[in-house]
Amino acid sequence: MDTKRAKKFQEELKKKVRIVPLKKVITCVAGVDAAFFGDKGERIIGAACLFRYPELTLIDTSYRIKKTTFPYIPGYLSFREGPVITEALKGLKKRPDICLFDGQGIAHPRGLGIASHIGVTLGIPTVGCAKSRLVGEYTGPGPKKGESSLLVFEGRTVGAVLRSRDKVRPLFVSPGHRIDLEGALRIVKGCLGRYRVPEPLRCADLLTKKIKREEAAPHS
DNA sequence: GCGACAG
DNA sequence: ATCTTGTCGC
């Protein structure tokens, strides 16, 4: 798969993305993340953590390891991390009502960030929650936790810039699939604990690092 | 050609 | 993402 085909693939999948209000009540939320290891980062770890919502108690975790097959190219992150994350998600005992991603939803050059891509692929609601911007213009949100401003790209509101804690650098929230911006913001805010990153994503990130340490140490 | 550019 | 300890700021 080269970037030319990947681009065509994104343009086709984008047609299936649905930005609509959430109807079903959310009972559980999953967070996913990926990490690399090996001399050249030739192996990738995908992790998924499922939380009861809105209690935010951990229900289940899952992870998978695969060989890295696609390089990191801005705009094509889903081709690098999507496969292993999808497998990790399928390893969860229960199918999540919604899933949070460490990356963009529709706030993407072709409207198909990793959250939207995997959302369409698995047919589940997803939310993009990135730590930095890929596309779009915005004015910084207020300094208090919970304050947000709009992220606009090519004249369209594609997401929001959210202050997840007092002062810290804001998060870039955008709908992935089967949800709208209001719903995406509501869920992300509902997943915030004492850190900048929402609990499900933080848990997946920690799991990813834990597995990496175990993998680096001698097996037995 | 130059700068931008999720993880 | 990853390489990495102490350290400046709130």
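Chain identifiers are assigned alphabetically (A, B, ...) following the order of the sequence lines, protein sequences preceding nucleic acid strands; residue numbering begins at 1 within each chain.
Taking 4.5 Å as the limit, every side-chain heavy atom of A:His117 sits out of range of all side-chain heavy atoms of A:His108. In this structure, the side chains of A:Ser62 and A:Leu92 come closer than 4.5 Å at one or more pairs of heavy atoms. Residues A:Phe36 and A:Arg80 form a side-chain contact, since some pair of their non-hydrogen atoms from C-beta on lies under 4.5 Å apart. Between A:Pro198 and A:Leu192 there is a side-chain heavy-atom pair separated by less than 4.5 Å. Between A:Ile187 and A:Leu22 there is a side-chain heavy-atom pair separated by less than 4.5 Å.
Side-chain N or O atoms of A:Ser149 include one that pairs as donor or acceptor with a backbone N or O of A:Thr139 at under 3.5 Å.
More than 12 heavy atoms of other residues, nucleotides or ligands shown are found within 6.0 angstrom of CZ on A:Phe172. In the displayed structure, A:Lys189 atom NZ is contacted under 6.0 Å by more than 12 heavy atoms of other residues, nucleotides or ligands.
Within the model, atoms CZ of A:Arg95 and NZ of A:Lys90 stand 9.5 Å from one another, a figure rounded to the nearest 0.5 Å. Rounding to the nearest 0.5 angstrom, the gap separating the CD atom in A:Glu214 from the CZ atom in A:Phe37 is 11.0 Å.
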*Report, as a single string ordered 5' to 3', how protein heavy atoms within less than 4.0 Å touch nucleotides 2-7 of chain B: B base, S sugar-phosphate only, - not at all.*
--SBBB
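Nucleotides of DNA chain C lying under 4.0 Å from heavy atoms of chain A occupy a range whose first and last members, 5' to 3', are C:dA1 to C:dC10.
In DNA chain C, no run of at least 3 Watson-Crick or G-U pairs (N1-N3 plus N6-O4 or O6-N4, or N1-O2 plus O6-N3, all under 3.5 Å) shows up, so the stem list is empty.
Between A:Ala35 and A:Lys167, the residue anchored nearer the 5' end of DNA chain C, judged by the nucleotide with its closest heavy atom, is A:Ala35.
Counting any heavy atom pair closer than 4.0 Å across all strands shown, A:Lys212 reaches sugar-phosphate atoms only and no base atom.
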